[in-house]
*Asks:* 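Sending over a structure as C-alpha cells; questions will come in a sec.
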There are 2 protein chains.
Amino acid sequence: MNRISRLALIEKLVRENVIGSQDDLLRMVEGTGMKCTQATLSRDLRQLGITRGFDGSGGYRYLLSSGREAAAEMLPGSAAASITGMTWARGLLLINTPPGFASAVAIRIDRAGRYEIAGTVAGDDTILLIPRDNISNEAVEECLSGIFEPETITKM
Amino acid sequence: MNRISRLALIEKLVRENVIGSQDDLLRMVEGTGMKCTQATLSRDLRQLGITRGFDGSGGYRYLLSSGREAAAEMLPGSAAASITGMTWARGLLLINTPPGFASAVAIRIDRAGRYEIAGTVAGDDTILLIPRDNISNEAVEECLSGIFEPETITKM
DNA sequence: ATTTTGAATGCAAATTTATACATTAATTAT
DNA sequence: ATAATTAATGTATAAATTTGCATTCAAAAT
C-alpha cells in the first residue's frame with residue numbers, strides 16, 4: 001500500500017496491458033485493492049518514465065521507455081550519450097549512436113582536440129569520423145577510448 | 001504550405017529543438033511563416049508517431065518515436081521520396097534528394113541493412129554513403145536499385 | 001468546365017493530463 | 001519521545017490534448 005509497491009504495480013500493469021488513459025489505469029489499480037488518485041498516477045508515470053504513445057490502430061497506449069527511448073529523452077550532452085557501434089570503411093570510421101545523439105557525441109570528440117582526428121560530420125544517429133593521413137585505425141580507437149568511458153562504447 | 005511540407009517541417013523542428021507543448025510547436029511553425037492550428041498539430045504528431053516524453057529535467061519534450069525511423073515510416077511522401085542525383089568521389093557516393101528528404105531516404109538505405117553499405121550520413125538534401133572496403137561502385141548501385149524503385153532514381 | 005468525392009482543416013467542446021496548494025505521512029534530528 | 005523537516009498525496013483547478021462536426025480545399029470523374 002505504499003508508494004514503492006504502487007510504482008511496481010503500475011509498471012506491471014502498463015507492461016502487461018493496453019492502457020489508454022490515466023483513468024483506465026486508475027481503475028485497474030483500484031481493481032487490485034490499491035487506492036490513489038489520477039493526480040498521483042500522473043506523478044508516478046513521470047517517475048517511471050512511462051509515456052503515452054500510439055497503439056498502432058488509432059488509439060493510445062502507455063509505454064515503458066525502452067533503453068533507446070530513454071536515451072533520447074535525455075538532453076544531448078548528458079553523460080548517458082553513448083556509442084552503439086563502430087565500423088571502419090574506406091579509411092573512415094562510422095560511429096553509430098542512439099537517435100538524435102550523433103551531434104552530442106561528435107561534439108565531445110571534436111572538443112577533445114585530438115590530433116589523430118581531422119574532423120567529424122554528424123547526422124542524426126551516425127557520425128563520420130575522418131582520421132588524419134597516416135594515422136592507424138588503432139590509434140583512432142585509442143583516442144576514442146580516452147574520450148569516452150569504456151562502458152559507453154559498444155563495439156560491433 | 002501544404003500538408004506534406006508541414007509534416008516535414010514538424011519532424012525537423014521536433015528533431016532539432018526541445019519542444020514541450022503543441023502550443024510551443026505552433027509558435028515555431030508560425031515562426032517559419034507556415035500557418036495552422038494546434039488541433040492540426042495534434043493530428044500531425046500522431047501521423048508522425050511523435051510522442052511527448054520527458055526531458056530528463058522535470059519538463060516535457062516531444063520525441064520522434066524511434067529516431068530517424070519515424071520519418072521514414074510516417075512521412076507520406078517518403079514512399080515516393082526520390083533520389084535526384086548520385087556522384088561518386090573518393091570511393092564515396094554522394095546522393096542528392098529533394099530538400100528535406102535526405103534523412104528519409106537515408107533511413108530507407110540504412111534499414112535495408114545491406115552488407116555492402118557501411119553507413120550513411122544525411123544532411124538536408126545530400127547523403128554521403130560510405131561503402132565497405134573492397135565493394136565496387138557497381139555493387140553499391142545495385143543495392144540501391146534493390147532498395148528503390150528504378151523510377152525514383154535519376155542518375156547524374 | 002462542372003460535379004462529385006474524399007482528404008484536410010478550423011472551431012469549439014470534451015477529454016485527459018499536470019500542477020498549485022493544503023494536508024497528511026514519514027523521516028531525521030534533538 | 002518530540003519537534004523539525006522532508007516527502008507523498010488528495011483536492012480542486014489549470015493546462016494541454018483530442019475529437020466531433022461543419023467547412024474548405026483539392027483531386028478525380030463526367
Side-chain angles (χ1 to χ4, degrees), chain A residues 1-14 17-65 69 73, chain B residues 1-14 17-65 70-71 73-81 100:
Chain A
M1 306 312 166
N2 58 15
R3 184 177 136 81
I4 302 302
S5 47
R6 190 185 60 245
L7 289 173
L9 172 65
I10 292 170
E11 202 268 348
K12 180 176 151 74
L13 288 173
V14 168
N17 302 277
V18 175
I19 298 174
S21 73
Q22 294 179 10
D23 276 343
D24 284 355
L25 177 57
L26 180 58
R27 274 177 230 114
M28 299 189 77
V29 168
E30 288 175 338
T32 72
M34 206 172 272
K35 203 158 160 49
C36 68
T37 63
Q38 172 268 322
T40 295
L41 293 182
S42 174
R43 293 165 181 135
D44 289 350
L45 291 172
R46 156 178 290 183
Q47 179 80 33
L48 292 166
I50 292 172
T51 58
R52 188 160 78 148
F54 307 107
D55 70 359
S57 54
Y60 297 91
R61 176 179 186 172
Y62 278 88
L63 299 165
L64 303 173
S65 299
E69 286 161 349
E73 279 157 21
Chain B
M1 323 347 169
N2 57 18
R3 183 176 136 80
I4 302 302
S5 47
R6 189 185 60 244
L7 289 172
L9 172 64
I10 291 170
E11 199 269 347
K12 181 176 150 73
L13 288 174
V14 169
N17 301 278
V18 175
I19 297 174
S21 73
Q22 294 180 10
D23 275 343
D24 284 354
L25 177 57
L26 181 58
R27 273 177 229 115
M28 298 190 78
V29 168
E30 288 176 338
T32 71
M34 206 171 272
K35 203 158 161 50
C36 68
T37 64
Q38 172 270 324
T40 294
L41 293 182
S42 174
R43 293 167 180 129
D44 289 350
L45 291 172
R46 156 176 289 183
Q47 179 79 36
L48 292 165
I50 292 172
T51 58
R52 188 160 76 147
F54 308 108
D55 71 0
S57 54
Y60 296 91
R61 176 179 186 173
Y62 278 89
L63 298 165
L64 302 178
S65 59
E73 285 166 13
M74 305 297 182
L75 270 181
S78 70

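Computed over heavy atoms, backbone and side chain alike; hydrogens, waters and symmetry mates excluded. Per chain, numbering begins at 1; letters A, B, ... match sequence-line order.
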*Asks:* If you round to the nearest 0.5 Å, how far is CZ of B:Arg6 from CE of B:Met34?
*Replies:* 7.5 Å
*Asks:* Using whole Å, report how far CG of B:Leu41 lies from C1' of C:dG10.
*Replies:* 12 Å
*Asks:* How far apart are the closest heavy atoms of B:Ser42 and B:Gln22, and which atoms are they?
*Replies:* CB-OE1, 3.4 Å
*Asks:* Would you kindly give the CZ-to-C1' distance between B:Arg3 and C:dG6, to the nearest whole Å?
*Replies:* 13 Å
*Asks:* Using atom CG of A:Asn2 as one end and atom C1' of D:dA7 as the other, report the distance to the nearest whole Å.
*Replies:* 13 Å
*Asks:* Would you compute the distance between atom CG of B:Asp23 and atom CD of B:Glu30 and round it to the nearest 0.5 angstrom?
*Replies:* 9.5 Å
*Asks:* To the nearest 0.5 Å, what is the distance between CG (B:Leu64) and CD1 (B:Ile50)?
*Replies:* 5.0 Å
*Asks:* Heavy atoms under 4.0 Å is the rule here; annotate nucleotides 10-26 of chain D 5' to 3' with B where the base is hit, S where only the sugar-phosphate is, and - elsewhere.
*Replies:* BB----SBBBB------
*Asks:* Find the distance A:Leu26:CG to C:dT15:C1' and express it as a whole number of Å.
*Replies:* 15 Å
*Asks:* Whole-Å distance between C:dT16 P and A:Leu25 CG?
*Replies:* 13 Å
*Asks:* Distance from B:Ile10 atom CD1 to B:Cys36 atom SG, nearest 0.5 Å?
*Replies:* 6.0 Å
*Asks:* Starting at atom CD of A:Gln47, determine the distance to atom P of D:dT9, rounded to an integer number of angstrom.
*Replies:* 10 Å
*Asks:* Just verifying a value: how many Å separate B:Tyr60 OH and A:Thr51 OG1, rounded to the nearest 0.5 Å?
*Replies:* 11.5 Å
*Asks:* Taking atom P of C:dA18 as reference, at what distance in whole Å does atom CG of B:Asp24 sit?
*Replies:* 15 Å
*Asks:* Could you list the residues that satisfy salt bridge (Lys or Arg N to Asp or Glu O under 4.0 Å) with A:Arg27, not counting sequence neighbours?
*Replies:* A:Asp24
*Asks:* Based on the rotation axes of five pairs at each end, what angle does the helix from C:dA1-D:dT30 to C:dT30-D:dA1 bend through, to 10°?
*Replies:* 40°
*Asks:* Please report the interatomic distance CD1(A:Ile19) to CE(A:Met28), rounded to the nearest 0.5 Å.
*Replies:* 5.0 Å
